[in-house]
Each structure stands twice: as C-alpha cells, then as structure tokens.
Amino acid sequence: MDSTIVIMLAVAVVLLAGIAIVALVVLIRRTGGDRSPGRGPTPDQLADVQAELEEARRESAQIRVKAESDAGEVIRRAEAASEGALRMRQEVEEETRSLKHEIKELRADLERRENRLAEREERLDEEARRQADQSRKLSDSENELADRRKALDQIEHKQREALERVAGLTADQAKAELVTTIENQAKREAALIVREIESEARKEGEKRACKIVTLAVQRVATEQTAESVVSVLHLPGDEMKGRIIGREGRNIRAFESTTGVNLIIDDTPEAVLLSCFDPVRRETARLTLEKLVLDGRIHPQRIEEAHERSKDEVKQLCVRAGEDALVELGITDMHPELVTLLGQLRYRTSYGQNVLKHLIEAAHIAGIMASELRLDPMLLKRCTVLHDIGKALTHEVEGSHALIGAEIARRYGEHEDVVHAIEAHHNEVEVRTVEAVLTQAADAISGSRPGARRESLEAYVKRLERLEEIAQSYEGVEKVFAMQAGREIRVMVRPDGVDDIQAQVIARDVAKQVEEELTYPGQIRITVVRESRATEFAR
C-alpha cells in the first residue's frame with residue numbers, strides 16, 4: 001500500500017515538472033522568434049511573456065490543485081482499500097485460527113476413536129482366543145463324553161443281556177409288563193379315591209336329588225302324542241276325490257304347487273293323505289283342503305285363496321298356542337316374536353314327542369326343582385321353556401338349535417342367564433351357572449321318562465347290540481345283558497380274573513366309552529357283577 005502512494009506522488013511531481021518545462025519552452029520560442037539581432041525585447045513582448053507566464057502559473061496551479069485532489073482521492077481510496085484488506089486479513093486469520101482449532105479437535109477425536117478401536121480390536125481378539133480355547137475344551141469334553149457314552153452303552157447292553165437271561169424276558173416285554181402293572185395300579189388307586197369321594201357325596205346328595213327328581217316327575221304327567229310326517233283328512237264321500245284331482249289333474253297340481261305338500265290319493269275309502277316333513281306347512285295344507293272340501297268349489301284360484309286364509313289361521317293358532325303355554329307357566333313378559341316361535345313348536349316333534357309339550361313339561365319340572373333348591377322358579381321356567389326355541393328355525397338357519405336359540409333369545413332382550421342356559425343345554429358351551437345345569441336335568445327327565453319318546457326298531461336294536469359289544473370287549477368279562485330297553489347293562493365278570501377294584505374300573509371305562517360313542521336320551525346304568533361261589537358235595 002505504501003509503495004502505491006509513493007508511485008502516485010512521483011507521477012504527480014513528474015506531471016508538474018513536465019507542465020513547467022512546456023511553459024518554459026513556449027516562452028523561449030516566443031521570445032526567440034520576435035527578437036532581432038542586436039535589439040532587446042520590447043515592453044509589449046515582456047508584458048505578453050509575463051501574461052503567458054501568469055497564465056502558465058494559473059494553469060500549473062490548477063493542475064497542481066487537481067493533481068493534489070486526485071492524489072488525495074487516490075490516497076483515500078488506497079486507505080479504504082488498505083482498511084478493507086486489513087479487515088479481510090483479520091477475518092482470514094480468524095477463520096484460519098478457527099479451522100486450525102477444529103482440525104486440531106478432529107485430529108484429537110480421531111486419535112481417541114482410533115485408540116478405542118484399537119482397544120476393542122484387542123478385546124475382540126482376546127475374546128476370540130478365549131472362545132477358541134473354550135471350543136477346543138468343549139470338543140475335547142464331547143469326545144470324552146462320547147467315549148464314556150459308548151462305554152456306558154456297552155455296559156448297559158451287557159447288563160440288559162444279563163437281566164434278560166436271568167428274567168427270561170426281553171426289554172420290550174419287560175417294559176410292556178411294567179406299563180401294564182403301573183396302569184392297573186393307577187386305576188386301582190383312582191378307583192379307591194373315586195369310591196371314597198362318591199360315597200361322601202352320596203351321603204348328602206343322593207337323598208336330596210332322588211327326592212327332588214321323584215317329586216318333579218310325579219307332579220308332572222302331561223299327555224304325549226306321537227306325530228308323523230303324514231296327516232289324514234277324512235272326506236264326506238269318494239266322489240270328492242275326483243273334484244280334488246280336477247280335470248287332467250290340474251287341481252292336485254295347483255294344490256301341491258301352492259302348499260308345497262304332497263297330496264296322496266289312494267284306495268283308502270273316504271280319506272286322503274298329506275305328506276310333508278314341515279309340520280307347519282302340512283297343517284296349513286290340511287286346513288286348506290278342509291276348507292275346499294267344505295265349500296265344494298275346487299279350482300286353482302280357490303286353492304290359493306283358501307291357502308292364504310289357512311296361513312293366517314295357522315299363524316294365529318301358533319300365537320295362541322305360545323300364549324297359552326306362557327299363561328300355563330305364569331310367564332307374562334316375553335317378546336311377541338318369541339311367543340310366535342314358541343307356538344310354532346306346537347307342530348314339531350322330537351322322537352315322537354311334541355316339542356311344545358316337552359318344553360312345558362320340562363319347565364314345570366325345572367320350576368319344582370328350583371323351588372326345592374330355593375332358587376328363582378320363574379327364571380328356571382323361562383330358561384327351560386326357551387331351551388329348544390331354535391328348533392323353530394333349524395330348517396331355515398344353519399347351525400345347532402341350541403346356538404340358534406341362544407342367538408334368538410339374545411336378539412330379543414332375554415337375560416344373559418337365560419341365553420347361557422339355552423346355548424349350554426347340550427354342552428356345546430361350557431356350563432357356568434346353576435340354571436344351566438337344572439335346565440339340562442329338566443330336559444333329560446322330560447325326554448327320558450317312560451313313554452315320552454319313541455325310536456325306530458332298527459336304531460333300537462343297533463343301540464342294544466353296540467352296548468353289549470362295548471361291554472364284552474373288556475378283559476375278564478364273561479357275559480353281558482342289556483336290560484330295561486337299553487337303560488341298564490349287567491356285566492358278569494370272572495371272579496378269578498377280576499377283583500372288586502378292577503370291577504369298578506371296568507364299570508367306569510364302559511360308561512365312558514358309551515358316552516363317547518352312542519347317542520341316547522336319559523342315562524344308562526352299568527352294573528358289574530362279580531360273584532364267588534364255593535360248592536362241595538357231601539356223600
């Protein structure tokens with residue numbers, strides 16, 4: 001910066017010197033041109049020279065002032081540039097110091113990390129060496145254990161051979177015999193424990209249970225009717241069959257198409273048969289045909305009109321049957337849809353037992369048992385009368401009638417205890433309440449009492465045969481007798497092959513297998529008889 005100022009000052013001085021030299025040369029030329037030999041300058045010439053000198057001085061002064069001004073401006077700019085350069089130099093130096101500091105810190109951090117990595121690598125190398133040592137030790141231990149196992153196997157094999165020679169049995173035979181012995185011993189111990197528990201429970205429960213069940217069965221004796229899939233309608237005369245058939249069979253085709261029921265006209269005098277698996281539809285068709293026979297006019301249009309009137313009549317009959325059942329049981333607050341579904345069960349049967357009458361009978365039994373046990377009889381009646389409500393929709397909705405009935409009861413606002421009793425009465429849901437247990441008991445009593453239900457002869461014979469086969473399959477059984485229409489099995493065992501404890505075990509195993517394999521109403525008693533006789537003759 002100082003050298004720049006000096007240069008500028010030198011340039012200004014050179015300019016001033018040049019201007020002065022130019023002015024002097026001009027003056028000399030003017031004086032020299034007008035001068036005559038031997039004669040000096042005239043006053044006018046001197047005045048002109050002085051004027052020119054004055055003009056030159058003024059111009060020189062102006063030039064000097066301008067040069068000084070320009071030099072000052074240059075100097076100010078140079079100073080400002082010098083200050084900016086100084087600040088920039090300071091900033092650069094400050095930035096340089098900051099960068100040096102950061103580089104120093106980064107180097108120190110890098111050194112620390114390198115040190116830690118080095119230490120970690122050393123530890124990893126040490127761990128790897130230690131694991132390698134452990135692996136070698138484990139491998140040596142495994143080899144040693146393998147050698148010992150081989151030696152033990154050889155010793156065990158020799159001992160087994162020696163034991164087999166001494167006992168005269170192979171290892172599998174000895175194992176099977178041991179398992180059989182332990183199993184028999186466990187069954188004997190379990191039978192003893194069960195016998196003790198049952199004897200203690202019978203002391204308090206047997207008398208009370210017999211009293212409650214007997215009282216309930218004796219107090220309820222409703223009439224049971226057996227219904228089939230065929231209804232008979234009596235006609236006033238055989239000429240009515242021709243009207244029912246119609247010209248070229250159009251009336252009978254229209255009747256079957258409208259009602260969905262098969263109309264059977266055979267040689268039976270003054271009677272026709274209505275066949276359908278849906279009892280409500282069959283009853284509707286019977287009422288329709290009855291109205292047509294009484295009116296005497298039978299044609300497709302009249303069939304449709306009579307069928308519509310019969311449907312309304314059957315619906316009213318269902319509602320009335322449901323209301324009558326609830327009045328008989330003393331239940332008043334029930335949803336109308338449940339009452340209608342309950343009334344539809346009037347036309348449904350289960351093993352020949354009318355479902356609605358079965359529900360009423362079971363509800364009475366449940367109410368009696370609830371009163372004896374000091375429970376709410378109305379709640380038990382409600383649970384029992386609705387436990388088969390799902391049978392009214394079984395043909396329309398897929399699933400078990402117990403679960404369907406529970407869903408219907410829940411939909412129409414029944415109490416959760418009632419819903420649980422419905423869904424658990426066939427053990428499809430685990431029983432959690434006393435009401436559900438009593439509902440099961442009342443259902444079983446109503447369905448299993450003598451004369452309540454019927455089954456086909458073929459199914460009855462197969463069930464008896466299977467009962468005898470199950471009991472005969474156990475070791476030590478000599479004879480088996482199915483008694484009381486298959487509700488009791490008498491099992492005769494050999495006294496020399498089966499003791500009293502084993503007889504109890506056989507009875508329990510037979511009962512368990514019967515429960516798992518067969519379906520039957522009520523319960524089946526299994527009685528195992530073991531008899532020892534000593535006979536001698538006196539001569």
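Keep in mind the model is a prediction, meaning the values are calculated, not measured.
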**Q** Nearest 0.5 Å, please: how far is CD1 in I470 from CD1 in I489?
**A** 7.0 Å

**Q** Of the non-hydrogen atoms in G405 and I389, which two are nearest, and what is the gap between them?
**A** CA-CG2, 3.5 Å

**Q** Suppose we screen for ring-ring contact (aromatic ring centres under 6.0 Å, His included). Which residues come up paired with F481, at least two apart in sequence or across chains?
**A** none

**Q** Which atom pair, heavy atoms only, marks the closest approach of V429 to A424?
**A** O-CB, 3.5 Å

**Q** How many angstroms lie between atom CD1 of I422 and atom CD of E435, to the nearest 0.5 angstrom?
**A** 12.5 Å

**Q** Which residues pass the side chain to side chain donor-acceptor pair (under 3.5 Å) test with D324, not counting sequence neighbours?
**A** none

**Q** Please list, chain by chain and in numerical order, all residues satisfying side chain to side chain contact (heavy atoms under 4.5 Å, CB included) with Q472, sequence neighbours excluded.
**A** V477, V480

**Q** Within the distance-only criterion (no hydrogens, no angle test), does the side chain of E256 pair as donor or acceptor with the backbone N or O of L263 below 3.5 angstrom?
**A** yes

**Q** Could you tell me whether D109 and R113 make a salt bridge, using a distance below 4.0 angstrom between a side-chain N and a carboxylate O?
**A** yes

**Q** At what distance, to the nearest 0.5 angstrom, does NZ of K311 lie from CZ of R281?
**A** 10.0 Å

**Q** Give the minimum heavy-atom separation between E414 and L338, together with the two atoms involved.
**A** OE2-CD1, 3.5 Å

**Q** Quick check: closest heavy atoms across T384 and A366, and the distance to 0.1 Å?
**A** OG1-CB, 3.2 Å

**Q** Can you sort out the partners of L145 under side chain to side chain contact (heavy atoms under 4.5 Å, CB included), two or more places apart, ordered by chain and number?
**A** none

**Q** Does a side-chain heavy-atom distance below 4.5 Å link L356 with L342?
**A** yes

**Q** With rounding to the nearest 0.5 angstrom, report the OG1 to CD distance, T96 to E91.
**A** 11.0 Å

**Q** Tell me whether E126 at atom CD has more than 12 heavy atoms from other residues, nucleotides or ligands lying less than 6.0 Å away.
**A** yes

**Q** Apply ring-ring contact (aromatic ring centres under 6.0 Å, His included) to H426 and list each qualifying residue two or more places apart in sequence or on a separate chain.
**A** H401

**Q** Out of curiosity, S371 OG to M378 CE, how far, rounded to the nearest 0.5 Å?
**A** 10.0 Å

**Q** Among residues at least two apart in sequence or on other chains, which ones pass side chain to side chain donor-acceptor pair (under 3.5 Å) with Q504?
**A** none

**Q** Quick one: are H358 and D388 in side-chain contact, heavy atoms under 4.5 Å?
**A** yes

**Q** Starting at OG1 of T340, measure out to CE of M334 and round the result to the nearest 0.5 Å.
**A** 11.5 Å

